[in-house]
There are 2 protein chains.
Amino acid sequence: MLTIGDLSRKTGVKIPTIRYYEQMGLLDAAERSEGNQRRYAAPERERLSFIKHARELGLTIEAIRELIDLSAHPERPCEEADRIAAEQLTAVREKIEKLRRLEKELKRIATRCAGDQIKDCYVIRALAHHDMCESDH
Amino acid sequence: MLTIGDLSRKTGVKIPTIRYYEQMGLLDAAERSEGNQRRYAAPERERLSFIKHARELGLTIEAIRELIDLSAHPERPCEEADRIAAEQLTAVREKIEKLRRLEKELKRIATRCAGDQIKDCYVIRALAHHDMCESDH
DNA sequence: TCATTTTCTATAGTGACTAGAGATTGGCCA
DNA sequence: TGGCCAATCTCTAGTCACTATAGAAAATGA
Ligand SMILES: [Zn+2]
Ligand SMILES: [Zn+2]
Ligand SMILES: [Zn+2]
Ligand SMILES: [Zn+2]
């Protein structure tokens, strides 16, 4: 059996985060030692790795909770799981698009300043007036 | 003089957000009517537009506060302002890079599922095992 | 046995808002 | 001038996914 510290080292998930996941219902309430400390075995470690990987891919706690619930029913159709992944892909693509628009404007704003005093600073002026922007964002 | 509602409509910044910016020190404490309601004139409106545009470009409240402080000293060199913009550009580019890596993996995960039951679902398996990923993320 | 490390619970803080409750004020119409 | 309703006021709490702290208890090693 692993202590919470062991589990933390093996998975790379910080101890308070493991407890937080338990509180959020992503991890089942852990078994306890005689002295009330959490003890873990392989299945919990696997689930935590799943959670960690899903979080690294940007899925929300709520989405991960749904996926875990789905995993408990191996015979059911996997449409829901596929939909969650597809939605996350869409969300990531939308974020990239937004950031690309920001990057375009910021590149101009951050590289075009020729003045050396605040009162002539292109950065300050460009931030004050969206009409200096080339597109919406 | 504009009421907070007028200012909100003209700038597109919600009323509670305007009060929040005042609390955070981005807007000076507003003038008040006899009945203690906030009243605004053109300079406050311009500052709020500045704040809004900067927020739309992803700058933090803290960065905006610095820029506003700098604006109060028109004769000073604008290096600091230029640095803030450059840092924001760098931050945006890093976010894009991270998201692009996620997109690559998510595209594979979200489009490769052929099974129709949870127990065969590629999404669930791929989330459980990072070694199925093509790169780090 | 003692000291050190680990773990426990509970609470508060992060950033940038957003939502609500309950009390006042403003402006319009009769 | 009264009445009414929308707008505004302050204050508190909620959001998300953690992270940090305090003070107490348990586990480990010499
Ligand atoms: Zn400049
Ligand atoms: Zn703009
Ligand atoms: Zn599937
Ligand atoms: Zn991976």
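Source: prediction; values computed, not measured.
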>> Using five base pairs at each end to define the local axes, how bent is the helix from dT1(C)-dA30(D) to dA30(C)-dT1(D), to the nearest 10°?
In response: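 Comparing the first five pairs with the last five, the axes sit 10° apart.
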
>> Let's see if you get this right: which residues in residues 88-102 of chain A place a heavy atom under 4.0 Å from DNA chain C?
In response: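 Hits under 4.0 Å, by residue number: none.
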
>> What residues from residues 60-67 of chain A pass a heavy-atom cutoff of under 4.0 Å to DNA chain D?
In response: T60(A), I61(A)

> Can you list, by residue number, the residues of residues 6-27 of chain B that have a non-hydrogen atom closer than 4.0 angstrom to DNA chain D?
Replying inline: I15(B), R19(B)

Set of side-chain hydrogen bond (donor to acceptor under 3.5 Å, both in side chains) partners for [X], sequence neighbours left out:
X	result
E46(A)	none
D6(B)	T3(B), R9(B)
Q37(A)	none

Restricting to nitrogen or oxygen on both sides, can you table the protein-nucleotides 22-26 of chain C pairs closer than 3.5 Å?
from	atom 1	to	atom 2	distance (Å)
dG26(C)	OP1	S33(B)	OG	3.1
dG26(C)	OP1	G35(B)	N	3.2

N/O donor to acceptor pairs below 3.5 angstrom from side-chain atoms of residues 129-137 of chain A, sequence neighbours left out:
from	atom 1	to	atom 2	distance (Å)
H130(A)	ND1	H137(A)	NE2	3.1
H130(A)	ND1	H53(B)	NE2	3.2
H130(A)	NE2	D136(A)	OD1	3.1
S135(A)	OG	E105(A)	OE2	3.1
H137(A)	NE2	H53(B)	NE2	3.2

>> Could you work out, with side chain to side chain contact (heavy atoms under 4.5 Å, CB included) as the rule, every residue matching E87(A), not counting sequence neighbours?
In response: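 E87(A): side chain to side chain contact (heavy atoms under 4.5 Å, CB included) contacts with R83(A).
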
>> Below 4.0 Å from chain A heavy atoms, what is the first contacting nucleotide of DNA chain D and what is the last?
In response: dA17(D) to dA27(D)

Cut-off 3.5 Å, no hydrogens considered: what does the side-chain donor-acceptor table look like for residues 13-28 of chain B, sequence neighbours left out?
from	atom 1	to	atom 2	distance (Å)
E22(B)	OE1	R38(B)	NE	2.9

